[in-house]
K.L.:
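The structure's right below; bear with me while I get my questions together.
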Amino acid sequence: MAIKKSNKMPQSAVLKQILKRCSSLGKKNNYNDDDDENGLPIDVPKGHFAVYVGENRTRYIIPISFLSYPQFQCLLHRAEEEFGFDHDMGITIPCEEIVFQSLISSMLR
């Protein structure tokens, strides 16, 4: 019996790809490179990235450390399935805003 190889990338590679994508958003959105050496929006501190949540696409700036939480990884997986990561707006999380707020508050404890 042959074992079929999966086309899915290892989880660590997916997380690195997400971080790379987040760090390139500023350049795609034409933020001024003089304001920040990385080309990121100036309101996103180092070690954080922006996501958009809910029907109104509310913007949240969250720490990169959230990527290590299985609950957040699940949301990212759902985001990839529903929206993909190849668009200019940033990562959109398919989740009700109140649920997202509850999740991130539990991760901050």
Side-chain angles (χ1 to χ4, degrees):
M1 178 180 256
I3 297 175
K4 186 177 177 182
K5 257 191 170 176
S6 173
N7 288 336
K8 290 197 172 213
M9 294 187 334
Q11 186 174 12
S12 62
V14 171
L15 293 177
K16 285 179 185 177
Q17 190 176 47
I18 291 167
L19 285 175
K20 185 177 179 181
R21 174 75 178 125
C22 291
S23 67
S24 67
L25 290 176
K27 292 177 182 167
K28 284 193 170 196
N29 289 328
N30 296 321
Y31 289 98
N32 188 347
D33 284 335
D34 295 337
D35 292 334
D36 184 87
E37 63 203 30
N38 298 322
L40 294 173
I42 54 177
D43 65 335
V44 177
K46 186 174 184 173
H48 292 73
F49 65 103
V51 295
Y52 298 85
V53 180
E55 193 173 300
N56 295 324
R57 304 291 191 253
T58 303
R59 185 173 187 242
Y60 288 86
I61 298 172
I62 58 172
I64 288 174
S65 62
F66 281 14
L67 292 172
S68 65
Y69 288 87
Q71 306 92 321
F72 196 79
Q73 291 175 13
C74 180
L75 285 178
L76 289 175
H77 181 69
R78 287 181 48 206
E80 181 182 27
E81 286 178 347
E82 191 164 329
F83 305 113
F85 292 137
D86 190 26
H87 46 84
D88 291 339
M89 184 176 151
I91 296 175
T92 302
I93 305 290
C95 178
E96 290 183 26
E97 201 170 340
I98 188 117
V99 173
F100 184 78
Q101 289 172 349
S102 176
L103 176 68
I104 61 173
S105 69
S106 72
M107 287 191 281
L108 292 171
R109 290 185 199 148

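Note that the structure is a prediction, hence the values are computed from the model and not measured.
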K.L.:
More than 12 heavy atoms of other residues, nucleotides or ligands under 6.0 Å from CD of Glu96: yes or no?
P.N.:
no
K.L.:
Does Ser105 have any side-chain contact (heavy atoms from CB on, under 4.5 Å) partners at least two apart in sequence or in another chain, and if so, which?
P.N.:
Arg109
K.L.:
Which pair of non-hydrogen atoms, one from Pro94 and one from Glu82, has the smallest distance, and what is that distance?
P.N.:
CB-OE1, 3.3 Å
K.L.:
Phe49 versus Ile61: any side-chain heavy-atom pair under 4.5 Å?
P.N.:
no
K.L.:
With sequence neighbours excluded, what pairs up with Pro63 under the side-chain contact (heavy atoms from CB on, under 4.5 Å) test?
P.N.:
His48, Ser65, Phe66
K.L.:
Can you give me the closest heavy-atom contact between Val44 and Arg59, atom names plus distance?
P.N.:
CG2-NH2, 3.3 Å
K.L.:
Are Val51 and Thr92 packed together at the side-chain level, in the sense that at least one heavy-atom pair is separated by less than 4.5 angstrom?
P.N.:
no
K.L.:
Applying the 4.5 Å side-chain criterion to the ILVMFWY set and letting contacts propagate, would Val99 and Val53 be lumped into a single cluster?
P.N.:
no
K.L.:
Decide yes or no for Leu103 and Leu75: does some side-chain heavy atom of the first lie under 4.5 Å from some side-chain heavy atom of the second?
P.N.:
yes
K.L.:
Please check if the number of heavy atoms outside Ile98 that lie under 6.0 Å from its CD1 is greater than 12.
P.N.:
no
K.L.:
Go through the structure and list residues passing ring-ring contact (aromatic ring centres under 6.0 Å, His included) with Phe100, not counting sequence neighbours.
P.N.:
Tyr60
K.L.:
Would you say Ile91 and Tyr52 make side-chain contact, with heavy atoms under 4.5 Å?
P.N.:
no
K.L.:
How many angstroms lie between SG in Cys95 and CD in Glu55, if you round to the nearest 0.5 Å?
P.N.:
13.0 Å
K.L.:
So Leu76 and Ile93, do their side chains get closer than 4.5 Å, heavy atoms only?
P.N.:
yes
